[in-house]
Amino acid sequence: MTDEVNKGYRHIFGPVPSRRLGMSLGIELVPHKTCTFNCIYCECGRTTLLTADRSEYVDFRTVQQELTDYFRNNPAPDYLTFSGAGEPTLNSCIVDVMAFVKKQFPGVPVALLTNGSLLFREDVRKDILDADLLMPSLDAAMRDPYIRVNRPHKDLSLEQYIHGLVEMRKVFSREIWLEVFILPGYNDDRENLDALKTAILRIKPDRVQLNTLDRPGTVRGLKSAGKEQLQSIIDYWGLQHVETIAAPGTRSGMESYKGDIEQLIYNTISRRPCTLDDLVSITGAHIKVLNKYLGAMEENGRIGIRRQDRGDFYYVRP
């Protein structure tokens, strides 16, 4: 069983086999599903605290202790990643945690996964300048799909959102990888794609990474975009440095892929089918860790999903 499960860490999780960052140790700075958005595609479930208020949501000293313990007993990951099942920039102490990890673990690059919704605030932009890699998202550049897809807090406008990304580019000297999540029927028509292209040209990210549905979202009936559609968007935009994020099956082939978590999941659902929430409760593993391995196991044909009234149940294929 992984150290994350054995140790019972509350604010770090993984390492997670990331499609973009190799083996990534996650740092979670807000309680589960505390976010500025309630995105319809979120693999972590519905937002339970929709807020735009920054605060010290978790104890800084506990985060320090957990990271110190982890590095004392484990090899260094490829990345330290501020992420989790919520928006990390909501934590007003993110600057202190980032300064701590840069000082104590200087050989490990730091990435920040953020929806970018608070970057219009100068204090937020200053707090995250020490990151080595910034990975914000932008799923829509028109108001209707922004509201429908991201379901933002009422105080967060689309104009602020894009302005914040533009301003962040002006002060952040390292790489920015902008993720665009394509949902057929929501943001993939020509008008929306043209608006997104205009916004991308303003933001000037080093990379644009197209993503689509991999795990079940919070709204039923969502469809993923196929490889051909994603490639057609790349061709239509005609921009440099636009790519699709690798297919989920590639994570299972990583050398560091941990069979112990996979076996834990397999043993659990072989007894009875479970939802993602069930697996979090039973195994004690972080929801993002579980999602990574569930995706690989589903891709390999070991498990399947049955959709029922209470949710999506994972079961062992015969």
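Reckoned from all heavy atoms, side chains included, excluding hydrogens, waters and symmetry mates. Every value quoted in this text rests on a predicted model; they were computed, and no experiment measured them.
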Task: Leu90 side chain near Asp53 side chain, heavy-atom distance below 4.5 Å - done: no
TODO: Give me the ring orientation class for Phe37 and Tyr146: parallel if the planes are under 30° apart, tilted from 30 to 60°, perpendicular past 60°.
DONE: perpendicular
Open item on the list: Between Trp237 and Ser232 (side chain of the first, backbone of the second, donor and acceptor by atom type, cut-off under 3.5 Å), is there such a pair?
Closed with: no
- [ ] Could you please spell out the steps behind the ring pair (Phe, Tyr, Trp, His ring centres under 6.0 Å) verdict for Tyr161 and Phe120?
- [x] CA-CA 6 Å; Tyr161 186 13; Phe120 71 93; 9.5 Å; no
Task: Test: Asp206 and Arg174 ion pair at under 4.0 Å - done: no
Open item on the list: Is it the case that over 12 heavy atoms from other parts of the model lie below 6.0 angstrom from the CZ atom of Arg46?
Closed with: no
TODO: Examine the side chains of Ser117 and Asn115 and answer whether a donor and an acceptor come within less than 3.5 Å of each other.
DONE: yes
Open item on the list: Strictly distance-based, threshold 3.5 Å: is any side-chain N or O of Thr212 a donor or acceptor partner for the main-chain N or O of Ile182?
Closed with: yes
Open item on the list: Whether the Asp188 and Gln229 side chains hold a donor-acceptor pair (N or O, under 3.5 Å, no angle test) is what I'd like checked.
Closed with: yes
Open item on the list: With no hydrogens and no angle check, just 3.5 Å: does a side-chain donor-acceptor pair link Asp139 and Asn150?
Closed with: yes
Open item on the list: Ignoring hydrogens, what is the shortest heavy-atom contact between Ile305 and Tyr315? Give both atom names and the distance.
Closed with: N-CE2, 3.4 Å
Open item on the list: Could you tell me if the side chain of Asp278 sits less than 4.5 Å from the side chain of Thr268, heavy atoms only?
Closed with: no
- [ ] Taking all heavy atoms of Leu158 and all of Ala140, pick out the closest pair and write down the distance.
- [x] CD1-O, 3.5 Å
TODO: Could you tell me which non-hydrogen atom of Arg10 sits nearest to which non-hydrogen atom of Glu66, and how far apart they are?
DONE: N-OE2, 2.9 Å
Task: Spacing of CD belonging to Glu167 relative to CD belonging to Gln160, to within rounding of 0.5 Å - done: 12.5 Å
Open item on the list: I want to check something: taking the side chain as every heavy atom from C-beta on, are Leu29 and Tyr57 in contact at a cut-off of under 4.5 Å?
Closed with: no
TODO: Evaluate the ring planes of Phe100 and Phe60, with Trp represented by its six-membered ring, and classify them as parallel (under 30°), tilted (30 to 60°) or perpendicular (over 60°).
DONE: perpendicular
- [ ] Considering non-hydrogen atoms only, spot the tightest contact between Val110 and Val101 and give its length.
- [x] CG2-CG2, 3.9 Å
Task: Heavy-atom neighbours of Gln231 CD exceed 12 at 6.0 Å - done: yes
- [ ] State which residues pass side chain to side chain contact (heavy atoms under 4.5 Å, CB included) with Arg207; sequence neighbours excluded, sorted by chain then number.
- [x] Glu175, Trp177, Gln209, Glu243
TODO: Grab the two heavy atoms, one from Glu56 and one from Ser92, that are nearest each other, plus how far apart they are.
DONE: N-OG, 3.3 Å
Task: Of Asp132, Asp130, Asp96, the residue whose pairing with Lys102 passes salt bridge (Lys or Arg N to Asp or Glu O under 4.0 Å) - done: Asp132
TODO: Please check if the side chain of Lys33 supplies one atom and the backbone of Cys44 the other of a donor-acceptor pair under 3.5 Å.
DONE: no
Task: Side-chain touch Ile269/Leu279, heavy atoms, less than 4.5 angstrom - done: yes
- [ ] Would you check if Ile147 and Pro152 make a side-chain contact, meaning some heavy-atom pair closer than 4.5 Å?
- [x] yes
- [ ] Using a 4.5 Å cut-off on heavy atoms from C-beta on, say whether the side chain of Asp69 contacts that of Tyr9.
- [x] yes
Task: Working for side-chain hydrogen bond (donor to acceptor under 3.5 Å, both in side chains), residues Asp194 and Tyr236 - done: CA-CA 9 Å; Asp194 289 343; Tyr236 179 67; 2.7 Å; yes
Task: Ring-face cation contact, Phe172 with Arg125, 6.0 Å cut, 45° max - done: no
- [ ] Decide, yes or no, whether a salt bridge links Arg20 with Asp78 under the criterion of side-chain N to carboxylate O below 4.0 Å.
- [x] no
Open item on the list: Main chain of Arg302, side chain of Asn300: is a donor-acceptor contact present, judged purely on distance under 3.5 Å?
Closed with: no
Task: ILVMFWY cluster, Val280 and Tyr314 together (side-chain gap under 4.5 Å) - done: yes
TODO: Indicate the atoms forming the closest heavy-atom contact of Glu28 with Ala85, along with that distance.
DONE: OE2-N, 2.6 Å
Task: Backbone N/O of Thr244 and side chain of Asn211: donor-acceptor pair under 3.5 Å - done: no
Open item on the list: Could you check whether any side-chain N or O of Thr81 sits under 3.5 Å from a backbone N or O of Ser83, counting only pairs where one atom can act as donor and the other as acceptor?
Closed with: no
